[in-house]
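Heads up: the structure comes next, in structure tokens.
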Amino acid sequence: MPELPEIETVRMGLAPALERRRLTRIVTRRGDLRVPFPPRFAERLTDREVKRLWRRAKYLLAELDGGETLVIHLGMSGRVAVYAENLERRLGHYVYEPPPSGAGHGKHDHVVIETDAPARIVFTDPRRFGLMLLIESAALHRHPLFDGLGIEPLSPQFTAAHLERILEGRRAPIKAALLDQRTIAGLGNIYVCEALFRARISPRRQSSTIAGSRARALAAAIRSVLLAAIKAGGSSLRDYAKTDGALGEFQHHFAVYDREGAPCPRAQCKGKIKRIVQSGRATFYCPACQR
DNA sequence: CCCACGACCTGTGGGC
DNA sequence: TGCCCACAGGTCGTGG
């Protein structure tokens with residue numbers, strides 16, 4: 001479920017159970033996800049306190065006392081569920097109360113973390129493209145996973161001028177450039193398609209031609225689609241997005257994604273949504289109003 | 001450096 | 001009804 005708005009939704013749902021809480025018990029059910037768990041993973045987490053939970057690109061980052069940060073990526077199919085007992089008023093509205101006895105024992109439940117909230121956090125990932133790492137907090141920005149990442153699209157530094165500069169001289173189609181995490185951090189297939197639609201820009205357009213008013217439209221579209229998706233609790237396709245098990249709602253607001261053949265939702269436009277493949281991934285757009 | 005593509009893994013939905 | 005294959009929110013390594 002995992003682009004920036006979904007990760008941000010998970011972060012907000014997880015924060016009450018993690019921030020300023022102590023990790024009391026960690027269980028891993030296998031040796032690896034996309035990469036092996038770090039050596040002595042459970043021991044290094046046990047009895048640590050989470051100072052803050054933040055996000056960079058599509059990574060969730062739990063900064064621990066003791067100088068390390070727990071890095072979590074959800075890959076394609078990763079999910080996080082929070083089970084908290086009798087904490088409704090303090091923690092928000094968790095639907096699982098008390099936790100079902102089987103919680104954390106599903107076929108693809110790979111990691112279970114308990115905290116003194118008290119809460120049980122279950123990480124599920126059928127495809128195992130996700131990862132969990134421990135990295136020294138002070139060295140995070142120099143770590144290979146993070147040092148080449150592009151700008152955060154919701155930061156004040158993300159402007160049309162910045163966008164124009166990072167697309168300068170690039171020959172790849174704009175769809176591919178926006179998917180590249182070194183250009184902008186956090187966009188994925190859904191929100192790139194949706195942002196290009198909002199900006200009326202063809203996904204096939206050469207990146208370097210996006211300047212001036214087009215850059216302004218695209219920067220604004222990226223920001224607006226991400227904010228709208230976060231407000232809606234992210235998008236739920238086959239799975240649920242939120243830590244309380246409820247579905248995100250933004251999939252009901254897709255203009256183009258997974259809507260091949262549907263009429264273009266833009267007023268006055270007579271176009272029909274088309275599906276093409278770019279660098280191996282599906283792209284959806286309206287050939288009539290996206291240029 | 002820049003870009004395209006296949007690989008990684010499991011589940012599911014649609015077509016026959 | 002059942003089978004098979006194409007495809008799925010992301011990265012990463014390789015090769016041109």
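Each chain gets a letter, A, B and so on, in the order the sequences are listed, and its residues count up from 1. Treat the numbers as computed from the prediction; the structure is a model and nothing was measured. The figures that follow rest on heavy atoms only: side chains count, while hydrogens, waters and symmetry mates do not.
- Protein atom CG of A:L74 is 10 Å distant from nucleotide atom P of C:dT11, rounded to whole Å.
- What separates CZ of A:R275 from C1' of C:dA6 is a distance of 9 Å, to the nearest Å.
- Remark: of the listed residues A:I174, A:L179, A:T283, A:T283 is the sole one forming a side-chain contact (heavy atoms from CB on, under 4.5 Å) with A:Q278.
- Among the protein residues, A:P144 comes within range of no part of the nucleic acid, since none of its heavy atoms lies under 4.0 Å from any strand.
- At the heavy-atom level, A:S236 lies under 4.0 Å from base atoms of the strands shown.
- Taking side-chain N and O atoms only, A:H108 has no distance below 4.0 Å to OP1 or OP2 of B:dC9.
- The two residues A:P153 and A:I222 make their nearest non-hydrogen contact at CB-CG2, 3.9 Å.
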>> Only Watson-Crick and G-U wobble pairs with both distances less than 3.5 Å should count. Give DNA chain C in dot-bracket notation, marking inter-strand partners with |.
In response: .|||||||.|||||||

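- The nearest pair of heavy atoms linking A:C193 to A:K175 is SG-CE, 4.2 Å.
- The residues A:K51 and A:D65 are annotated as not salt-bridged, no charged nitrogen and carboxylate oxygen being separated by less than 4.0 angstrom.
- One P atom belongs to B:dG11, the other to C:dT1, and the distance between them is 23 Å to the nearest Å.
- Counting heavy-atom neighbours within 6.0 Å of A:R20 CZ, excluding the residue itself, gives a total of 12 or less.
- Closest contact between the side chain of A:R281 and the listed nucleotides B:dC3, B:dG11, C:dT11 involves C:dT11.
- Between B:dG11 and A:K107, a contact under 4.0 Å exists linking OP1 or OP2 to a side-chain N or O.
- Here the side chain of A:Q181 is nearest to one of C:dT11, B:dA4, C:dG10, namely C:dT11.
- A salt bridge links A:E8 with A:R11; the closest basic N to acidic carboxylate O contact falls under 4.0 Å.
- When each of B:dC3, C:dT11, B:dT10 is scored by its nearest atom to the side-chain atoms of A:R34, the top-ranked nucleotide is C:dT11.
- One can place CZ of A:R182 at 12 Å from P of B:dA4, the figure rounded to the nearest angstrom.
- Across all strands shown, A:L145 has heavy atoms under 4.0 Å from sugar-phosphate atoms exclusively, and none from any base.
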> Are A:F146 and A:H141 close enough, and set up right, to give a ring pair (Phe, Tyr, Trp, His ring centres under 6.0 Å), and what steps lead you there?
Replying inline: CA-CA 6 Å; A:F146 296 94; A:H141 57 105; 9.9 Å; no

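- Of the residues in residues 123-132 of chain A, A:R127, A:F129 come within less than 4.0 Å of DNA chain C through at least one heavy atom, sorted by number.
- Judged by the 6.0 Å distance and 45° axis criteria, A:R204 is not positioned over the aromatic ring of A:Y285.
- The distance from atom CD1 of A:I190 to atom P of C:dG10 is 7 Å, rounded to the nearest whole Å.
- Salt bridge annotation for A:R52-A:E19: absent, with no cationic side-chain nitrogen under 4.0 angstrom from a carboxylate oxygen.
- Taking atom CG on A:D147 and atom C1' on C:dT11, their separation rounds to 15 Å, with Å as the unit.
- The separation of B:dC5 from C:dC7, taken at their P atoms, amounts to 15 Å, rounded to a whole angstrom.
- Computed from coordinates, the A:L179 CG to B:dC2 P distance equals 17 Å when rounded to whole Å.
- Taking atom CD on A:E168 and atom P on B:dC1, their separation rounds to 17 Å, with Å as the unit.
- Here the C1' atom of nucleotide C:dG16 and the CZ atom of A:R171 are 16 Å apart, to the nearest Å.
- Look at A:R170 and you'll find a side-chain N or O under 4.0 angstrom from OP1 or OP2 of B:dC3.
- In this structure, A:R182 pairs ionically with A:D180, as a charged nitrogen and a carboxylate oxygen lie closer than 4.0 Å.
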